[in-house]
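Here the structure is a predicted model, which is why all the values come from computation and not from measurement. Each ligand, and each atom within it, is numbered from 1 in the order the structure gives.
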Amino acid sequence: MELYCDKELGAIYQSNKTIFRTFAPDKNNIKLRLFKDALSLEFTEYRMIKDLNGIFEVEINGDLDEYYYTYIVENEYEVTDPYSIASSINSNRSCILDLSKTNPEGFLQHKEPPIINPTDSIIYEVHVKDFTSHPTSNITNKASLIGMVEENTQYNGYKTGIDHLVELGITHVHLMPIYDYLTVREEREFAFDDDNYNWGYDPELYNVVEGSLVLYPDEPKKRILEFKKAIMGFHEKGIKVVMDVVYNHTFRGKVSNFNVLATNYYYRQWPDGTFSNGSGCGNEFDTQKPMARKFIIDSLKYWVKEFRVDGFRFDLMALIDIDTIEMAVKELREIKPDILIYGEPWMADNTPLPSNKTTSKGTQSKMSFALFNDNFRNAVKGDNDGYYLGFAQGNLDEIRNVETGIAGSIFYDTARIGFTQKARETINYVNSHDNLILQDKILKVFPNKTEAEIKNYNKFIHSILFLSQGIPFIHAGNEFLRSKNGNHNSYNAPLKINAIDWSLKEKNIDVYNYIKELIEFRKANEAFRLDDDDEIREKLKFFKHVENCPTIAYTIKSKDGFLLVIHNANRTSCLLTYQNIKNHIAECYLEKFKDMTVGILFDENGIVRGNINSNHPHGVQTKAISTYVYKVNVIE
Ligand code: CA
């Protein structure tokens, strides 16, 4: 029988005593080493008592708020507590805290943004340092979580920082790792050093706020307080907060705190005993082990209950077994019904985890969480880092794959087979932090196009993204053509590559305004935010044929008529005749009707305001490499 214990683990603080519990089933001797502060070399040691489930425990009387501790294993190794909620700088010692003293004023009472449907979400992924560090951000508290919510910042009159996010209209900010990771020095004096940047996919203490992203890394209470302030700041602006979580591996393997305490327990192994490497980072967390599963679920619940975060993005989610994910989703929804859960349905290398247990495409349907949709991503804009072109750059072989994505990647018909049951199960995106950012991909495949043409491809690609069924996701700066100078893996590149240059917003304000209007248009039209597969099949109908113009055209039945969307990837304009539209409506929705009217709602410049009359006497015309949306009203 596998050992399991549902007791609370870690340092459980009360004002008159603290209970310490840690899981170390194969060990005989664990001592608690207690320090009065972060640096002193003096300590007191206490022998811990082991129970039948492999849990070592000791109870120490007195108020230990802000005392520090480590565990001494078999009189030989000293490690931090995997369940630490706070630590000294650079993760050296665990810290005991009275969490009730970590709430900024108003935090416990503050209102969260209202509950929304998953398909109403618009996700903006960003690294704290990227967002806040560049001089053009004009953010005072650079490279910090507090800087993320600094108001009234601008560059040359253009909003930056959180004001920019409010203006853009996103609903969720997805913060790249903000839990403790190891490869960045946390002292403030190194905050902007070229060799001291990392995305943070190198986890150490999963329940500790990363010290390099706060103003006071050596003050454990302030670390927590700063993140809570940031969350409250976002909530007050109507923005929900998603945390990026990396439970698939730990940065350190054999010498990690997990492995020193419970040797070989937390890591998957091949039959010869070597650690498997499905993460590509040297090890993978064995999420099927009861105490490993408990750790993940405890950690997720801690962030939601204590910090009130609104969602999680799972790194290499395929490596987290589906049973663990389903249990986590269920428990998290009990705390927060609209919590947004999504992840990467892939792994980096081979795993011993049986394929029927990986969290891969299709497995999300039972619990309706979401997965990053690489099929749609590649069909729209081509492969990640190479020269393969997508539909948007004129590769018409990808039409069906793009249509599958437009329909929320449901099983739409036998020519368009996706992996979802509901549109809420797909994260639609064209790039994340990984691989070439969209601007660099377009520049790579089209080195000789003019600046205006490059801008146009960016607009066209985003129009497909934001008008498709599912949950749209962009990476920070996509909205004004952020470039990383062709760096396709900037995980440890200096800030001169990674920091967002906000002057690009002014330079590319036309693209920015267009993307802002796409978001506004999506929000104004429920027809782009359907969820149920039957409803999508019933309401969304692709044109079988557009005369003389291979392209994507479809209608969606809306409250009071039809929306007609044309994505024209051709290098010439495309005319869809009134007769063609009439035939389509008769075939798909209404056999007989007297007449129809067609007006334009959206063109290559964004929302069409004022005169919305059609633009051609015989039909509707859509310019080359652009998306137009029309309103069709039928007179019965
Ligand atoms: Ca750290």
Side-chain angles (χ1 to χ4, degrees), residues 10-11 35 37-39 66 68-71 78-97 102 126-133 141-148 175-228 230 243-253 255-260 279 281-283 285 295 299 302-303 306-307 309 315 433 491-495 498:
F35 306 86
D37 58 53
L39 298 172
E66 295 202 35
Y68 289 78
Y69 69 106
T70 53
Y71 291 128
E78 182 176 18
V79 288
T80 52
D81 180 359
Y83 269 84
S84 309
I85 54 166
S87 78
S88 61
I89 201 161
N90 297 321
S91 332
N92 288 323
R93 288 179 188 172
S94 302
C95 179
I96 303 150
L97 274 194
T102 62
V126 67
H127 189 286
V128 172
K129 277 195 178 177
D130 295 1
F131 196 72
T132 58
S133 296
N141 292 309
K142 291 186 169 59
S144 79
L145 280 158
I146 287 290
M148 293 294 300
L175 301 174
M176 287 167 66
I178 59 83
Y179 61 78
D180 178 46
Y181 44 85
L182 265 188
T183 58
V184 174
R185 290 192 66 174
E186 295 181 341
E187 294 87 346
R188 285 313 279 175
E189 64 258 41
F190 306 127
F192 305 99
D193 286 5
D194 280 356
D195 59 354
N196 199 40
Y197 175 96
N198 206 287
W199 283 340
Y201 297 92
D202 47 300
E204 174 71 359
L205 299 173
Y206 287 90
N207 300 336
V208 172
V209 175
E210 164 59 19
S212 66
L213 304 176
V214 295
L215 300 179
Y216 302 96
D218 51 0
E219 297 187 46
K221 279 188 182 137
K222 282 195 181 165
R223 267 200 213 194
I224 295 178
L225 192 113
E226 284 184 41
F227 185 34
K228 286 180 173 174
M243 263 182 75
D244 198 334
V245 286
V246 187
Y247 297 112
N248 64 76
H249 76 279
T250 58
F251 180 66
R252 298 196 275 202
V255 296
S256 73
N257 47 15
F258 287 104
N259 202 54
V260 171
S279 67
C281 301
N283 63 72
F285 209 61
F295 177 80
S299 174
Y302 170 70
W303 288 109
E306 186 63 32
F307 293 83
V309 303
D315 188 61
H433 61 276
Y491 77 101
N492 66 353
L495 282 168
N498 280 307

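- Rounded to 10°, the angle formed at the Ca ion (ligand 1) by Tyr181 O and Asp180 OD1 is 90°.
- We find that Arg223 and Glu186 are joined by a salt bridge, their nearest charged nitrogen and carboxylate oxygen being less than 4.0 Å apart.
- In terms of modelled atom types and a separation under 3.5 Å, the side chain of Asn90 and the main chain of Asn92 share no donor-acceptor contact.
- When every heavy atom of Pro82 is checked against every heavy atom of Phe295, the shortest pair comes out as O-CE1, 3.4 Å.
- Proximity of Phe307 to Phe227: side-chain heavy atoms (C-beta onward) are separated by under 4.5 Å at one or more points.
- For Glu210, the N, O or S atom with the smallest separation from the Ca ion (ligand 1) is OE1.
- At least one N/O/S atom of Glu186, whether from backbone or side chain, sits less than 3.0 Å from the Ca ion (ligand 1).
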